[in-house]
Number of protein chains: 2
Amino acid sequence: MVTIYDVARQAGVSPATVSRVFNGIKVTPDRVEAVKRAAAELGFVPNRNARRLRTSSSEIIAMMVPDIENPFFTVMTRAVEDLARAAGYSVMLCNTDDDPGREQEYLRVAVSDPVAGIILVPSTRTTDLSLPLERGVPVVCVDRRAPGGLVDSVVADNVAGAQAGTQLLFDAGYHRVACVTGPEQVETALERLEGYRAAYRANVRDEPPSDYVQRTEYTIAGGEAATRALLALPHPPDAIFAGNNKLASGVIRVLAELDSLPPAVGVVSFGGLPLVLLTPQGIMVTHLPPRSLGTTAAEMLLERIQGLTEPPREVVLPVVVGDEESGLAVIEGFTAR
Amino acid sequence: MVTIYDVARQAGVSPATVSRVFNGIKVTPDRVEAVKRAAAELGFVPNRNARRLRTSSSEIIAMMVPDIENPFFTVMTRAVEDLARAAGYSVMLCNTDDDPGREQEYLRVAVSDPVAGIILVPSTRTTDLSLPLERGVPVVCVDRRAPGGLVDSVVADNVAGAQAGTQLLFDAGYHRVACVTGPEQVETALERLEGYRAAYRANVRDEPPSDYVQRTEYTIAGGEAATRALLALPHPPDAIFAGNNKLASGVIRVLAELDSLPPAVGVVSFGGLPLVLLTPQGIMVTHLPPRSLGTTAAEMLLERIQGLTEPPREVVLPVVVGDEESGLAVIEGFTAR
DNA sequence: CTGTTAGCGCGTTCAA
DNA sequence: TTGAACGCGCTAACAG
């Protein structure tokens with residue numbers, strides 16, 4: 001392995017000078033030239049590990065998401081990577097599958113690396129952040145609020161978005177609007193349910209019947225099961241508010257199977273459907289802003305890495321109805337009314 | 001920062017013993033116990049940079065893909081991450097956007113890290129691998145063959161797959177089958193074109209007319225433009241073989257716009273369409289095996305990291321027609337016939 | 001089995 | 001502005 005000592009000898013300078021050249025510290029021009037030539041001849045590549053050990057810094061940002069295969073997190077991750085690279089950082093990808101054990105394992109890896117910072121989608125509202133907190137590794141939570149409000153977070157306005165989404169269904173003339181949302185321990189599921197309830201109350205002047213609220217895993221299968229259950233009720237709903245894109249997929253699939261696609265049964269998906277070529281007519285979508293979430297989280301993390309010491313901040317991004325920020329393709333004339 | 005020296009003092013042993021405990025090297029049980037307790041009390045987390053510097057090793061695998069937002073690469077990356085984690089490695093995500101400059105930049109980063117190994121989707125057939133090669137960093141190419149055959153690679157059988165896909169259209173009764181594929185410098189585009197040609201020749205007993213072959217960027221916009229061009233021909237095709245999923249999306253969107261979806265104009269997409277909820281009837285899909293590609297590449301890389309010194313290997317995975325390995329959801333009754 | 005010692009490659013003092 | 005010398009935290013070699 002070629003080191004700064006080899007380069008120094010070849011260039012006839014000291015190792016310290018080589019180091020300075022590679023760190024942009026003032027050195028006489030002709031020496032800079034000599035060092036650069038020597039480095040090129042020897043194929044010198046600086047060893048980042050030595051650098052990191054010495055400076056106890058790193059140029060890696062850990063990105064911890066439930067599952068990169070969910071397009072929502074894919075887009076968010078890509079946004080983070082773009083900003084990170086522009087700032088000279090690399091991104092370490094960690095899929096937690098919303099498993100707190102896996103999450104802690106990754107936090108331990110990130111802390112012992114140690115990475116420059118962490119962007120985290122917390123798996124629960126009680127995720128233990130003491131590992132990074134104790135070691136002073138900055139954390140920014142995204143999509144879900146920081147446990148205990150201990151660190152910065154960037155979230156979408158789930159309550160308002162869900163309320164607006166549910167309202168779309170009432171506005172379209174549906175009356176018996178049900179809700180399929182995620183499990184108890186997931187914060188976004190709770191907030192979206194709250195938004196749904198608010199809209200329901202505002203339109204019906206009553207609480208939704210308890211069997212109109214289905215809570216299940218954030219999966220396609222969960223959406224399917226919940227939809228079957230709803231349609232089997234004595235007084236089945238005539239419209240469904242789906243709490244995320246996977247649930248909506250399940251809802252739509254079952255409705256298609258039962259030949260009950262909109263307008264027979266109205267549907268709103270909270271969060272854009274993944275690259276839908278031909279959105280079935282009448283399905284309405286509330287767009288979450290994954291790219292903005294990622295960009296904002298990355299910006300906030302970079303500020304923290306650069307030493308910002310303000311108390312934890314919370315940014316709430318608006319949820320847009322009918323926006324295309326998510327980059328999803330929708331064909332005119334085939335899209336939602 | 002708590003170091004092994006702090007733990008050693010607290011536990012009444014030497015730093016080397018602490019190191020041994022954390023590396024699973026034989027130590028008397030009660031000392032192990034003492035070290036573990038001391039470490040827990042002090043909140044000790046080993047510093048990987050120091051370890052890496054000392055052992056000149058790393059537990060990071062660099063995953064270089066054109067764009068993580070393409071579901072094909074998303075799935076592949078997830079497969080890699082799963083295997084990597086199981087083997088104790090982390091994954092560094094690098095989006096090259098098929099830009100050779102970006103690719104070299106990332107290779108430089110990976111080499112100077114230095115990472116344990118690299119999984120690369122080469123942006124061109126002439127990508128320069130000398131950086132990792134000189135520094136002895138193992139590289140496995142995936143989806144596209146290794147430039148110069150210098151390292152291992154795992155690819156799909158594009159020629160046979162494209163031939164089979166095109167054949168589907170002839171079998172369905174179409175006669176004037178056109179092809180939309182990717183740009184010259186991309187190897188997969190070339191191979192898929194070759195498969196298309198073979199199928200065309202076998203059925204028509206002639207070469208396809210030159211204006212039936214459209215070469216464009218692997219983008220939705222490219223697919224759209226190519227489709228418009230094809231349909232504007234004096235003798236327009238009655239079916240289109242699309243060389244990848246993005247092209248197919250463009251094709252389908254234009255056909256939908258012109259009210260010429262199958263069966264009016266037949267379509268085969270090479271590669272699964274991204275989480276298509278309701279695949280328009282009659283669109284046929286040839287499934288690439290992104291998960292297998294990722295898994296195989298990761299396995300081969302791990303072998304290289306462990307010191308395997310065989311000459312470069314090339315694995316060709318079969319392309320399956322009608323398979324669902326890609327994890328894409330297709331509704332029964334709405335899927336391809 | 002354990003402790004002592006000596007670097008891994010680099011950045012940063014401190015003097016010159 | 002430059003070079004010599006030190007040490008980041010850890011593990012490999014050695015001696016005990």
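Below, chains carry the letters A, B, ... as their sequence lines are ordered, and counting in each starts from 1.
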Check step by step if side-chain hydrogen bond (donor to acceptor under 3.5 Å, both in side chains) holds for A/Thr28 and A/Asp30. CA-CA 6 Å; A/Thr28 331; A/Asp30 50 337; 4.8 Å; no
Walk me through it: do B/Glu303 and B/Glu310 pass the test side-chain contact (heavy atoms from CB on, under 4.5 Å)? CA-CA 10 Å; B/Glu303 287 172 3; B/Glu310 274 181 33; over 6 Å; no
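In this structure, A/Asp152 pairs ionically with A/Arg313, as a charged nitrogen and a carboxylate oxygen lie closer than 4.0 Å. A salt bridge links B/Arg78 with A/Asp97: the distance from a Lys NZ or Arg NE/NH1/NH2 to an Asp or Glu carboxylate oxygen falls below 4.0 Å.
Contact detail for A/Thr124 and A/Pro147: the closest heavy-atom pair is O-CG, 4.1 Å. Smallest separation of non-hydrogen atoms from B/Leu150 and B/Pro312: O-CG, 3.2 Å.
Listed by residue number, B/Leu53, B/Arg54 are the residues of residues 44-59 of chain B with a heavy-atom contact under 4.0 Å to DNA chain C. Near DNA chain C, meaning a heavy atom under 4.0 Å away, the residues from residues 31-40 of chain B are B/Arg31.
Take A/Glu299 and apply the salt bridge (Lys or Arg N to Asp or Glu O under 4.0 Å) test, not counting sequence neighbours, and it matches no residue. B/Arg37 meets the side chain to side chain donor-acceptor pair (under 3.5 Å) test with no other residue; sequence neighbours excluded.
Taking side-chain N and O atoms only, A/Thr3 has no distance below 4.0 Å to OP1 or OP2 of C/dG9.
Distance alone, capped at 3.5 Å, places no donor-acceptor pair between the A/Arg144 side chain and the A/Glu187 backbone. At distances below 3.5 Å, not a single donor-acceptor pair connects side-chain atoms of B/Arg31 with backbone N or O atoms of B/Gly12. Of the possible polar contacts, one joining the A/Thr74 side chain to the A/Ile68 backbone as a donor-acceptor pair under 3.5 Å is found. A donor-acceptor pair under 3.5 Å is formed between the side chain of B/Asp6 and the backbone N or O of B/Thr3.
In this structure, A/Asp6 places its CG atom 13 Å from C1' of C/dC10, rounding to the nearest Å. Atom CG in B/Asn23 sits about 16 Å away from atom C1' in C/dT2, given to the nearest Å. Between the CE atom of A/Met1 and the C1' atom of C/dC10 there is a distance of 12 Å, given to the nearest Å. Atom CD1 in A/Ile25 sits roughly 15 Å away from atom P in C/dC10 (whole-Å rounding). In this entry the distance linking OH of A/Tyr5 with P of C/dG11 reads 11 Å, nearest Å.
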Are there any protein N/O atoms within less than 3.5 Å of an N/O atom in nucleotides 13-16 of chain C, and if so, which ones and at what distance?
| unit_1 | atom_1 | unit_2 | atom_2 | d |
| --- | --- | --- | --- | --- |
| C/dT13 | O4 | A/Arg20 | NH2 | 3.4 |

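Among B/Arg51, B/Arg52, B/Arg48, the single residue meeting the side chain to side chain donor-acceptor pair (under 3.5 Å) criterion with A/Asn49 is B/Arg52.
Of all nucleotides in DNA chain D, those with any atom nearer than 4.0 Å to a heavy atom of chain B start and finish, going 5' to 3', at D/dG9 to D/dA13.
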